A.B. asks: 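First, the structure itself, so that you have it in front of you.
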Amino acid sequence: AQTVTQSQPEMSVQEAETVTLSCTYDTSENNYYLFWYKQPPSRQMILVIRQEAYKQQNATENRFSVNFQKAAKSFSLKISDSQLGDTAMYFCAFGETSGSRLTFGEGTQLTVNP
Amino acid sequence: DAGITQSPRHKVTETGTPVTLRCHQTENHRYMYWYRQDPGHGLRLIHYSYGVKDTDKGEVSDGYSVSRSKTEDFLLTLESATSSQTSVYFCAIGTGTYEQYFGPGTRLTVT
């Protein structure tokens, strides 16, 4: 079974600054996917970014990028130029290739301050 | 918008009563999932389906059953609701490229 750990229950950042959210995971699989989801106060789960384990290049989506370290089983999310709308709970998730199931971490509550 | 709806969006029920939550998709995806979200636990998989009449258990399946008689609908049933099943329930679809897209959630309170 896979486990996902987010060690930072809460974080805060000033508007326009950069923040990094941490995630580590444990698995015996070699092929898998990793995701970051955002859950704003509306409660809707929104996919932010995905990373394929077989790709060495770190994924980037506009202001969001990841630092994927496969050997260390680490998958952090960097948010650049933070905006007030980035305030949300962020979940790291491990995706199995068999059954396409996701295992989620406990989440990090990010607050962007004006 | 991945075309996923959940009904009802909110429900209050009494302990011991049966409850059915419905998830409906408009995009004909094969995989569908039910999760529950509780403080301190993130989202945990209850059951999932990989086709009509094909379902399997997830991490927290005790006390829940599912059915999928049509591609577009995935039902989650609590046969006899308990207070420990008070939670927010999310349905998701798998697109075939391993990411999942979520419905808006159902807040269930068991009194």
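Letters A, B, ... are given to chains in the order of the sequence lines, protein chains preceding strands, and every chain is numbered from 1. Small disclaimer: the values here were computed from a predicted structure and weren't measured.
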A.B. asks: Less than 4.5 Å to any heavy atom of chain A: does that hold for the side chain of Glu59(B), its backbone, both, or neither?
C.D. replies: neither
A.B. asks: Under a single-linkage definition using a 4.5 Å side-chain heavy-atom cutoff for Ile, Leu, Val, Met, Phe, Trp and Tyr, are Phe91(A) and Ile79(A) assigned to the same hydrophobic cluster?
C.D. replies: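 Per the 4.5 Å side-chain linkage, Phe91(A) and Ile79(A) are not co-clustered.
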A.B. asks: Answer yes if Val60(B) and Val110(B) sit in the same cluster of Ile, Leu, Val, Met, Phe, Trp and Tyr residues linked by side chain heavy atoms under 4.5 Å apart, and no otherwise.
C.D. replies: yes
A.B. asks: Under 4.5 Å heavy-atom distance to chain B, tell me which part of Arg43(A) shows up: side chain, backbone, both or neither.
C.D. replies: both
A.B. asks: Measure the CE-CD1 distance between Met45(A) and Ile4(B) for me, rounded to the nearest 0.5 Å.
C.D. replies: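 Between atom CE of Met45(A) and atom CD1 of Ile4(B) there are 11.5 Å.
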A.B. asks: Are Leu43(B) and Val88(B) linked, directly or through intermediate hydrophobic residues, by side-chain heavy-atom contacts shorter than 4.5 Å (ILVMFWY only)?
C.D. replies: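 Both belong to a single hydrophobic cluster.
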A.B. asks: Mind checking whether Phe35(A) and Gln100(B) have side chains closer than 4.5 Å, heavy atoms only?
C.D. replies: no
A.B. asks: Can you tell me how far apart CG (Asp38(B)) and CD (Glu106(A)) are? Round to the nearest 0.5 Å.
C.D. replies: 11.5 Å
A.B. asks: Under a 4.5 Å side-chain heavy-atom rule over Ile, Leu, Val, Met, Phe, Trp and Tyr, are Leu47(A) and Phe90(B) clustered together?
C.D. replies: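 Yes, Leu47(A) and Phe90(B) fall within the same hydrophobic cluster.
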A.B. asks: Chain B heavy atoms under 4.5 Å from Ser42(A): which part of the residue, side chain, backbone, both or neither?
C.D. replies: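 Nothing of Ser42(A), per the 4.5 Å heavy-atom cut-off to chain B.
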A.B. asks: State whether the number of non-hydrogen atoms from other residues, nucleotides or ligands found under 6.0 Å of Lys70(A) atom NZ is greater than 12.
C.D. replies: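 Yes - once you tally the heavy atoms of other residues, nucleotides and ligands closer than 6.0 Å, there are more than 12.
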A.B. asks: Are the side chain of Gln44(A) and the backbone N or O of Phe102(B) linked by a donor-acceptor pair below 3.5 Å?
C.D. replies: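 Yes; judged by distance alone, with no hydrogens or angles, the pair exists.
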A.B. asks: Return yes if some donor-acceptor pair links the side-chain N/O of Tyr98(B) with the main-chain N/O of Glu52(A) below 3.5 Å, else return no.
C.D. replies: no
A.B. asks: Could you tell me which portion of Arg107(B) (side chain, backbone, both or neither) has an atom closer than 4.5 angstrom to a non-hydrogen atom of chain A?
C.D. replies: both
A.B. asks: Please state whether the side chain, the backbone, both or neither of Tyr37(A) comes within less than 4.5 Å of a heavy atom of chain B.
C.D. replies: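 Side chain of Tyr37(A) only, per the 4.5 Å heavy-atom cut-off to chain B.
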A.B. asks: Is it true that Trp36(A) and Tyr33(A) fall in one hydrophobic cluster, defined by side-chain heavy atoms closer than 4.5 Å?
C.D. replies: no
A.B. asks: What part of Leu45(B) is in contact with chain A, defined as an atom under 4.5 angstrom from a non-hydrogen atom: side chain, backbone, both or neither?
C.D. replies: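 Contact with chain A is through the side chain of Leu45(B) alone.
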A.B. asks: Find the distance between CG (Leu102(A)) and OH (Tyr35(B)) and round it off to the nearest 0.5 Å.
C.D. replies: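 Nearest 0.5 Å value for the CG-OH distance: 4.0 Å.
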